[in-house]
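Structure first, commentary second.
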Amino acid sequence: MVSGENINKDLSACMVIFGGTGDLTHRKLMPALYNLVHDGLLPERFAVVSVGRREKSQEQYRNEVYNSLNQYSRNKIDENHWAKLRELIYYFQFDFTEMDGYLKLKDFLEELDKKAHTGGNRVFYLAVAPEYFETIVQGIHIGRLAENEGAWSRLVIEKPFGKDLATARKLNNKLLEVFTENNIYRIDHYLGKEMIQNIMVLRFCNFIFESLWSNKFIDNIQISLTEKHGVGTRGGYYENSGAMRDMVQNHIIQILSLVAMEPPVNLKTDSIRTEKLKVIQAIEEFTPELLRDNVVFGQYGRGVVDGVPVPGYREEEKVSPNSMTETFVALKLHINNLRWAGTPFYIRTGKRLGVWSAEIVVQFKSLPKILYFKDMYIQEPNLLVIRIQPSVGVFFQFNTKDFSTHNDIVTTKMDSSHISLNQGNTPEAYERLLYDILRGDATLFSRWDEVEASWMFADRIIEYREQKKLNFPNYEAGTMGPVKAFELLARDGRQWWNI
Ligand code: BG6
C-alpha cells in the first residue's frame, strides 16, 4: 500500500526480539533484516538484541543466524553486507518469564544505546507463543524498558491476537496499560505481500476498474487461499485454532476489507483503516439459516499430494485422533452496503489441497445472451484476477475474435507475467513490515477495532462449528476440499475459478 503519511525520518532504533532463537526469527526476521541491509534500507544506527533462554555466546548466535540467512534469504549472502549486519546482532540470554531479567535487560539496552547511538528508540518484537504475550509486556512494564525520555517505543505482536473476542479484548487491555494504540503493531503478514499492497493501487489508480467496482457490474468475488502443506509440526497450535482462526479471522478478512472498501479520503493510516473497518462491520450477520446454508467446514483425510502419500490430519503429530478441528472453510457472505448488496463474496481456505495458491478473482457480469452469445458461442465471463502467490501479478480475461478463423469468438487471457517471473525476488512481506515499523507507518498493521470486528464475525461461525455434528475427515488430501464447497457455488449457478 502506498501511504501518504511518513512519518519519522530518523529510523535509528534498537530492536529487541523475544523468541530470538525461534523459527520466526531465523526464517523470516533475520533474513528480512539482511535484505534491508542489502537494499540499503537499514539505518546505520541500529542494533538487534535477540532474547533467548538458551545459553550461547554472541559468536555462536551470530553463526546460527548466518546459517539461517544462507537457507532462507531471498538474496544470496554477500559477505560485505553480512559483515555489516553481524556487528549489529546481539544475543541476550534470560528466561522472559522471570521478571528480574528485565532489569538486567534494561541496563544492557542502555549501554547499547550509547554504543550504537540508537537514540533510545525501541522496537519490542514478540516472536513467541501467544501464552507469553502478556507476561513479556508485563516484564517490559516492570523493567520500564519502554520509558525512554524523548524516544519512541513500539510493540510488535504476532498472531494469534486472542482466541476469540473476549480473550482478544483482555490481551488488548493489557497491552494498552504499557503502549498506546498507535505504538502497537499487530502483524498480519499478508498485508506485507506485494499484491495485497497493490489492491488499493489497482482499484484507485485505474478508472476502468474502479468505475466497474460494484454490484452493478460485478457478479461475484472469490478469495481463495489454498495450501498444499499439512499442519506439519504445528499440530499443537492448530488444534486450538483451525482454519477459521488461523486464516479467516485475520488474513482473509483483511483482504476482503481492502477489496471491498470505499476510497479513503486521503492515504493516511487511519483514513485507510477506517474504511476497512466499515467493510467488516457491514458483513451481513450470519443467521442460523445462513450458517447452515452458506458455511462449509472440512478436515483432510489421507491422500496423495504431488505424487507423495500423506497422512490425514488426525494422524499428524500432536493432533487428537478424534479431532474435530477444521482444516478447510468455504463460505459465502454478503456485504450489506450500497456498493455491494446482492454481490456474493465466496471465501475458501484450506490445508492439504491440490493447489498452492492465493488469489482474488473478480468475476464481472455476463452480457445478455443475444448477438454473438445467442446460440453459437459459450460466453466466458470477464475475470480480473489478483494473483498473490505463487505467481504475483494481475490476470485479465476478455473475449475477442479469433485471428485464424472467420468469426470464432475466443477468450484472451492477459497475464502480467513479467511480474510472475520475478516472484522469487519480490521483497518478502517481513522486510516491508519491519521497515514500516521503523518508519512508524502502521498502515499495513491491523488497528484494534478491525481486530475486534473480525473476531465478532469469526466467533459466530466458530461457535456454530463447535455445536455442529460434522463428519470428519470429509476430503482427501490433494483434492480441492469437500464436495459441499463446490455445491455452495453450483447452487448459485457459479463455480470456483482456479486461474
Ligand atoms: C499463517 C498461518 O498465518 O499463514 C499458517 O498460521 C499458514 O497456517 C500461513 O500456512 C500461510 O502464509 P503464507 O505466507 O505461506 O501464504
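If you read the sequence from its start, that first residue is 1, and numbering goes on from there. First listed ligand is number 1; within each ligand, the first listed atom is number 1.
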**Backbone N/O of Thr226 and side chain of Ser357: donor-acceptor pair under 3.5 Å** =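 No; zero donor-acceptor contacts below 3.5 Å.
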Give me the residue, atom name and distance of the protein heavy atom closest to [atom].
atom: atom 7 (C) of ligand 1; result: Glu227 OE2, 3.5 Å
atom: atom 6 (O) of ligand 1; result: Asp246 OD1, 2.6 Å
atom: atom 12 (O) of ligand 1; result: His189 NE2, 3.1 Å

Going by an N to O cut-off under 4.0 Å, is there a salt bridge joining [X] and [Y]?
X: Arg302; Y: Glu315; result: yes
X: Lys484; Y: Glu487; result: no
X: Lys174; Y: Glu134; result: no

For [X], atoms of ligand 1 separated by under 4.0 Å from a heavy atom:
X: Gln389; value: 13 (P), 16 (O)
X: Lys159; value: 1 (C), 2 (C), 3 (O), 6 (O)
X: Lys193; value: 13 (P), 14 (O), 16 (O)
X: Lys351; value: 5 (C), 7 (C), 8 (O), 10 (O)
X: His251; value: 1 (C), 3 (O), 4 (O)

Gap between atom [atom2] of [Y] and atom [atom1] of [X] - 0.5 Å precision:
X: Lys332; Y: Arg494; atom1: NZ; atom2: CZ; answer: 7.0 Å
X: Leu155; Y: Tyr125; atom1: CG; atom2: OH; answer: 10.5 Å
X: Asn75; Y: Glu428; atom1: CG; atom2: CD; answer: 10.5 Å

**Message:** Distance alone, cut at 3.5 Å: any donor-acceptor contact between the side chains of Arg314 and Ser323?
**Reply:**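 Per modelled atom types, Arg314 and Ser323 side chains form no pair under 3.5 Å.
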**Message:** Please report whether ligand 1 has a polar contact with Tyr190, defined as an N or O pair separated by less than 3.5 Å (distance criterion only).
**Reply:**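 For ligand 1, there is an N or O atom that lies under 3.5 Å from one belonging to Tyr190.
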**Asked** Hey, is Arg234 one of the residues with a heavy atom under 4.0 angstrom from ligand 1?
**Response**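 The answer is yes: ligand 1 sits under 4.0 Å from a heavy atom of Arg234.
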**Asked** At a 4.0 Å cut-off, with the gap strictly under it, does some heavy atom of Tyr238 reach an atom of ligand 1?
**Response**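 It does not, in that no heavy atom of Tyr238 comes within the 4.0 Å cut-off of ligand 1.
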